[in-house]
Amino acid sequence: MKNYYFTLAGLRTVLCVPFEISISESMQPFLCASHQETDCTIILLPCAQLPSFSNDGVWRGLEYYDCHQGNLRTFHCNAPRAAAFAVTEHFENGNIEIRVLPDYLSYFTGTAGIFNRIGMETLLLQHQGLLLHASLINYKGKAIAFAGPSGIGKSTQADIWHTFLGADIINGDRAALRKERDHWYAYGCPYAGTSGIYKNDREPLAAIIVLGQAEGNRLCQLTAGEAFRYLYPEFSVHHWQKDFVAKATDLCLQLLAETPIYLLECRPDESAATLVKKGLSL
């Protein structure tokens, strides 16, 4: 087996594969030297036969989510409700095993094929973390996440902060948020949508800004209950899996109670950034 070492959202991860693989551009920033200790081991194994689906799983597009002895299994298929060519299994200790039929190993000869099938949101949840649909910036050593549905202007706000205030854009589409020793931190991750911005950076989370579009600028702090209504749909949550929903909801409520959350209704220009900077006393 050949080992590749990564740091993902602060998690020391080792990927064990039976052959050399190509490292995608998005994974290059997260590649590192070997770890003395690991938080997660991902093993890719060719196998002659995959386990069978149970009758209690749920189809989501081309994937079938199932449980086996308390561990989550995700079967990967080429067509809805077709036979699987691979299965990813998450274990309670945080380790991940991907089993692949020999004829489909070419799907896994690069990191993109592997890491697109590990279920990053499941891995994060096992380590007090959540995956948020947001543009993430680093401003003077503090992380600010701009959240909201697609097309609301997350990337625009991040670009404005970069252009006019010198902020560094960590990720253009996803933010990994983890609670560590009673503090919340934001991490860049290799999933960045079409933005092409994915940096391996970790900063304390200063605030989450929920975006709305308006003719003028208005900034107001939200209560945890108000914030939950806006933000919960922007987290990657397996709504079909009761245990996942329960854990993610509890962690989300902790995050919203312990982190300043603001609603920003704004114009797409420098004045919006100036308003937020003043409101956060940065």
Side-chain angles (χ1 to χ4, degrees), residues 1-9 11-27 30-31 34-35 37-127 129 131 176 189-191 236-248:
M1 298 290 280
K2 184 172 178 57
N3 294 342
Y4 295 86
Y5 297 88
F6 301 89
T7 303
L8 299 171
L11 301 175
R12 298 161 296 184
T13 304
V14 57
L15 171 63
C16 306
V17 292
F19 41 68
E20 289 192 7
I21 61 172
S22 61
I23 310 299
S24 65
E25 182 181 352
S26 64
M27 289 301 302
F30 304 89
L31 190 65
S34 61
H35 308 299
E37 298 180 6
T38 59
D39 300 300
C40 173
T41 299
I42 303 170
I43 302 177
L44 178 68
L45 295 172
C47 65
Q49 185 176 2
L50 298 179
S52 301
F53 298 169
S54 80
N55 295 324
D56 300 323
V58 177
W59 280 99
R60 307 296 294 186
L62 301 181
E63 296 180 323
Y64 186 76
Y65 291 84
D66 199 359
C67 278
H68 174 70
Q69 297 180 350
N71 299 322
L72 175 65
R73 283 177 171 175
T74 306
F75 292 85
H76 309 286
C77 309
N78 280 323
R81 302 183 181 275
F85 62 82
V87 59
T88 300
E89 185 163 2
H90 285 260
F91 296 93
E92 292 182 356
N93 61 5
N95 292 337
I96 300 170
E97 184 177 283
I98 304 174
R99 281 166 280 170
V100 189
L101 296 178
D103 289 347
Y104 295 88
L105 282 173
S106 60
Y107 288 19
F108 298 88
T109 54
T111 51
I114 295 171
F115 283 94
N116 285 342
R117 293 183 173 93
I118 66 167
M120 185 67 183
E121 66 279 4
T122 300
L123 176 60
L124 280 172
L125 192 61
Q126 290 175 315
H127 295 273
L131 192 62
C189 63
Y191 310 98
S236 296
V237 177
H238 294 185
H239 300 290
W240 55 93
Q241 187 184 352
K242 291 182 179 180
D243 288 347
F244 194 112
V245 170
K247 292 177 183 178

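Computed from a predicted structure; not experimentally measured.
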Where do Cys40 and Leu123 come nearest, in terms of heavy atoms and distance? SG-CD1, 3.8 Å

Where Cys16 and Asn3 come nearest, the two heavy atoms and their spacing: SG-OD1, 3.3 Å

Is there a side chain to side chain contact (heavy atoms under 4.5 Å, CB included) between Trp240 and Val245? Walk through the geometry before answering. CA-CA 8 Å; Trp240 55 93; Val245 170; over 6 Å; no

Report all side-chain donor-acceptor pairs from residues 100-115 shorter than 3.5 Å, counting only partners two or more places apart or in another chain.
unit_1, atom_1, unit_2, atom_2, d
Thr109, OG1, Ser106, O, 3.2
Thr111, OG1, Ser24, N, 2.9
Thr111, OG1, Ser24, OG, 3.1

What distance separates [X] [atom1] from [Y] [atom2], expressed to the nearest 0.5 Å?
{"X": "His238", "Y": "Thr74", "atom1": "NE2", "atom2": "OG1", "answer": "6.5 Å"}
{"X": "Gln126", "Y": "Glu121", "atom1": "CD", "atom2": "CD", "answer": "11.0 Å"}
{"X": "Met27", "Y": "Leu15", "atom1": "CE", "atom2": "CG", "answer": "8.0 Å"}
{"X": "Leu124", "Y": "Ser236", "atom1": "CG", "atom2": "OG", "answer": "9.0 Å"}

The criterion is side-chain hydrogen bond (donor to acceptor under 3.5 Å, both in side chains); which residues satisfy it with His127, sequence neighbours excluded? none

For Tyr65, give me all partners under side-chain hydrogen bond (donor to acceptor under 3.5 Å, both in side chains), at least two apart in sequence or on another chain. Glu63

Below 4.5 Å, heavy atoms only, C-beta onward: do [X] and [Y] meet side chain to side chain?
{"X": "His35", "Y": "Leu11", "value": "no"}
{"X": "Asn116", "Y": "Tyr191", "value": "yes"}
{"X": "Pro190", "Y": "Phe6", "value": "no"}

Can Ile21 and Lys2 be said to form a side chain to side chain contact (heavy atoms under 4.5 Å, CB included), step by step? CA-CA 9 Å; Ile21 61 172; Lys2 184 172 178 57; over 6 Å; no

Would you sort out whether Tyr5 and Val14 count as a side chain to side chain contact (heavy atoms under 4.5 Å, CB included), showing the intermediate values? CA-CA 5 Å; Tyr5 297 88; Val14 57; 3.5 Å; yes

Return a table of donor-acceptor pairs under 3.5 angstrom between the side chains of residues 43-56 and protein atoms on other chains or two or more places apart.
unit_1, atom_1, unit_2, atom_2, d
Ser54, OG, Asp56, N, 3.1
Ser54, OG, Asp66, OD1, 2.5
Ser54, OG, Asp66, OD2, 3.1

Applying salt bridge (charged side-chain N to carboxylate O under 4.0 Å, His left out), which residue pairs with at least one partner in residues 39-49 are found, sequence neighbours left out? Arg12-Asp39

Side chains of residues 83-98: which donor-acceptor partners sit under 3.5 Å, not counting sequence neighbours?
unit_1, atom_1, unit_2, atom_2, d
Thr88, OG1, His76, NE2, 2.8
Thr88, OG1, Arg117, O, 2.9
Glu89, OE1, Arg73, NE, 3.3
Glu89, OE1, Arg99, NH2, 2.6
His90, NE2, Ile118, O, 2.5
Asn93, OD1, Asn95, N, 3.0
Asn95, OD1, Thr41, N, 2.9
Glu97, OE2, Arg99, NE, 2.9

